[in-house]
2 protein chains.
Amino acid sequence: MQKKVTIYDVAKQLGISTATVNRAMNDKASVSEKTRKLVMETAQEMGYRPSKTAASLKRNPKRIAVLLPDTVYGYLAEVERGIRRASDDLADYSVYCEMFKVTAEETRPFIDKLYELAEQEFDGIIILPPSNESEVSGVVKELREKTDLIFATVTSDLEGSDRLFSIQNNGRMAGKMAAELLGMLADREKPVVMVTGQLTSQVHRNTVEGFREGSESFGLKFSGVYEHHDNLREAYDLAKVLVDQYPDLGGIYFGTANSVAFCKRLQELGYAGKISIVASDVFPDIAALMRERVIKATIFQNPFLQGRLAVRYLYEYMAEGRQFENDVILLDPQIVLRSNLPLYSDILEQMKDDYIL
Amino acid sequence: MQKKVTIYDVAKQLGISTATVNRAMNDKASVSEKTRKLVMETAQEMGYRPSKTAASLKRNPKRIAVLLPDTVYGYLAEVERGIRRASDDLADYSVYCEMFKVTAEETRPFIDKLYELAEQEFDGIIILPPSNESEVSGVVKELREKTDLIFATVTSDLEGSDRLFSIQNNGRMAGKMAAELLGMLADREKPVVMVTGQLTSQVHRNTVEGFREGSESFGLKFSGVYEHHDNLREAYDLAKVLVDQYPDLGGIYFGTANSVAFCKRLQELGYAGKISIVASDVFPDIAALMRERVIKATIFQNPFLQGRLAVRYLYEYMAEGRQFENDVILLDPQIVLRSNLPLYSDILEQMKDDYIL
DNA sequence: CTGTTAGCGCTTTCAG
DNA sequence: CTGAAAGCGCTAACAG
């Protein structure tokens, strides 16, 4: 428990002021390259580790905006909860986090809001991209160039937008895991298919790729990908289409959370339990279907953690100079079976209130 | 982003000093009950939330000792890594964490060390109990009464010791998960058995109970529990005993990490791949056996997180008055298959250095 | 039991 | 480009 090395020690050692040491350490402009190098070296040698607590006490508040599509959809509620949680955790560090929700039906209002936020005094913006990713990408890229705002994305990405980082589920791994599970659950001689939202979204494409690879490794007869465009009716109808097309269908992997309407139809058609289903995420409806043995397994994507980390990492970048070696941060998908479903009861409990779909 | 309410605001509002507000808020002695109540109420009304950062800047350093059995065993190395990580995270908060390792062959040296640590100026002690739990329990209880030390346990518990909390894997859930997995992997007509370290340890008993329950739910022919007492030779020999006793053995659940010698014998006997094996935790050897299809699944117990949270929670209790609604804190076991094994490669990488057994 | 006061280690004006 | 100095919000001596 040796004496802590402070900024004063470093300053005194070099015969300069603490202000200069500070500026040098924080990559601020207006420090000669020579002093900066000197300071860095001495700090290193002396074992100086700046105190984050002391730093946060004095520094100017940071403001983060979060822009989300205004969908009534359990997944988003979880991301939101994660964001609020991070805000709470960071309350002491003078970080202020504000959430904005905009309709995702059309892209225009979303983009307008983005321009509007850019006018305000935010330091960073976190975006959960609506399904039409490419249009938004351009806007972000433009704002990146014109302002000194920092952007991050969560859940899906905005490719080519020059955002700082993206936090998302490891979709490719999730796809492989689904394939392995179906290999354990279903007859491998029978065909399996994958159902997803829509393939304009980068994350969805990843899950498909993973499932394809996994099918190969684990010897599944992978027979097709179907989109339901996050439309309940379409999902409902799709069930019939599939059982007609594949009379001996062995398994289905649902890459998005929207499996409920589909499963309902399957039950109506008398196929429930006969076809092995692996779903995504944990929601009250999915939990119910698992208890009824309609869904055999689901792959949890931790939306809560996604939201939480997006805020946390953006803050760490802004305030503590955190570096990202990899700008796409992938979270580990988790396998949920009937036995460990109770572990997610807190989440289900939390969700009950704001969960509709 | 309204103005922050500080301790000064509360003090001014009540016409008292900040010192009194501080004392009242932190349950310190020497504040009249009347003032305390008044302060609490006013703080609440004004929306005062004490700043943890500011607090940590001034307060006296806290010291935490960690006492571990000195076993050369990958699991422990992970717990240690978690502890070090928490220490690092807390470095700014003036918390100092020191680790002590003592042989676990006999109980005496462990207990002696405990007395020795109690003499030193620690505020809290975290214990990873050696297999003989009951003897240590008594000592902890005694020290709890004689000193104002705070105790916590990690990985297993010291029942009746009056420790503040225990962090451990949810063993019962892990057992159930193993049963469900074996139900998916093995022929349910064939018998399954469980192998564990020794049943004097409370966590091991939990996994057995969980596996028993799970066998019932998932229709397994659960046929016995066998101990290997963490002895390599014994584990090696046990493989032969089991295949002789159960010629049509369908599956085995290994409740502890020590499955390697056992599997080796199984391979020698030509049973590898024929009997479905579910193991515990992720270590280099286990990863290798999974790639060879000898072990089909493993249940990760997150020893790293166990260590990390033990330190973190103890600190939060000491410094921030954190309350525990439940003094046994159970972490979620995670299912690892061949497909998601790569997610644990960081851990495996970390382990390579200090991993021997 | 309560008040006064001197910092904890850093950041940020403001003035050179 | 650099330095002096005033705090950020809290805690803990110390004095009453």
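Just so we're clear, the structure is a prediction, and the values are computed from it rather than from any experiment. Below, chains carry the letters A, B, ... as their sequence lines are ordered, and counting in each starts from 1.
Applying the ring-ring contact (aromatic ring centres under 6.0 Å, His included) test to B:F165 and every residue at least two apart in sequence or in another chain returns B:F324. For the side-chain hydrogen bond (donor to acceptor under 3.5 Å, both in side chains) test, residues two or more places apart in sequence or in another chain that qualify with B:D327 are B:R163. The side-chain hydrogen bond (donor to acceptor under 3.5 Å, both in side chains) test applied to A:Y115 returns A:E142, not counting sequence neighbours. Not counting sequence neighbours, the partners of A:K141 by the salt bridge (Lys or Arg N to Asp or Glu O under 4.0 Å) test are A:E145. Legend: residues meeting salt bridge (Lys or Arg N to Asp or Glu O under 4.0 Å) with B:R322, ordered by chain and number and at least two apart, are B:E316. Legend: residues meeting side-chain hydrogen bond (donor to acceptor under 3.5 Å, both in side chains) with B:K37, ordered by chain and number and at least two apart, are absent. Remark: A:Y48 pairs with no residue by the ring-ring contact (aromatic ring centres under 6.0 Å, His included) rule, at least two apart or across chains.
Rounding to whole angstrom units, CG of residue A:L57 and C1' of D:dG7 are separated by 9 Å. Distance CZ (A:R36) to C1' (D:dT2): 13 Å, rounded to an integer number of Å. Whole-Å rounding puts the A:M25 CE to D:dT2 C1' distance at 18 Å. For B:K4 and D:dC8, the NZ to C1' distance is 8 Å, given to the nearest whole Å. Summarising the geometry, the separation between NZ on A:K12 and P on D:dG3 is reported as 15 Å, rounded to the nearest angstrom. Atom CG in B:D9 sits roughly 11 Å away from atom P in D:dC8 (whole-Å rounding). When the C1' atom of C:dT2 is taken as reference, atom CD of B:E33 falls 15 Å away, rounded to whole Å.
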What protein N or O atoms touch nucleotides 10-14 of chain C N or O atoms at under 3.5 angstrom, if any, and at what distances?
from   : atom 1 : to    : atom 2 : distance (Å)
C:dC10 : OP1    : A:Y48 : OH     : 2.8
C:dC10 : OP1    : A:S51 : N      : 3.0
C:dC10 : OP2    : A:I7  : N      : 2.4
C:dC10 : N4     : A:Y8  : OH     : 2.5
C:dT11 : OP2    : A:N22 : OD1    : 3.2
C:dT11 : OP2    : A:N22 : ND2    : 2.6
C:dT11 : O5'    : A:N22 : ND2    : 3.1
C:dT12 : OP1    : A:N60 : N      : 3.2
C:dT12 : OP2    : A:K28 : NZ     : 3.4

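Contact check on A:R144 versus A:D162 returns a salt bridge, with a Lys/Arg side-chain nitrogen under 4.0 Å from an Asp/Glu carboxylate oxygen.
Regarding contacts with the backbone of D:dG3, a side-chain N or O of A:S17 is found under 4.0 angstrom from either OP1 or OP2. Using a 4.0 Å cut-off, no side-chain N or O of A:T35 falls inside it from OP1 or OP2 of D:dC1.
Donor-acceptor pairing under 3.5 Å is recorded for the side chains of A:T153 and A:S166.
Helix-axis bend for the helix from C:dC1-D:dG16 to C:dG16-D:dC1: the local axis fitted to the five terminal pairs at one end deviates from that at the other end by 30°, rounded to 10°.
A:T53 comes within contact range of no nucleotide atom at all, as no heavy-atom separation falls under 4.0 Å.
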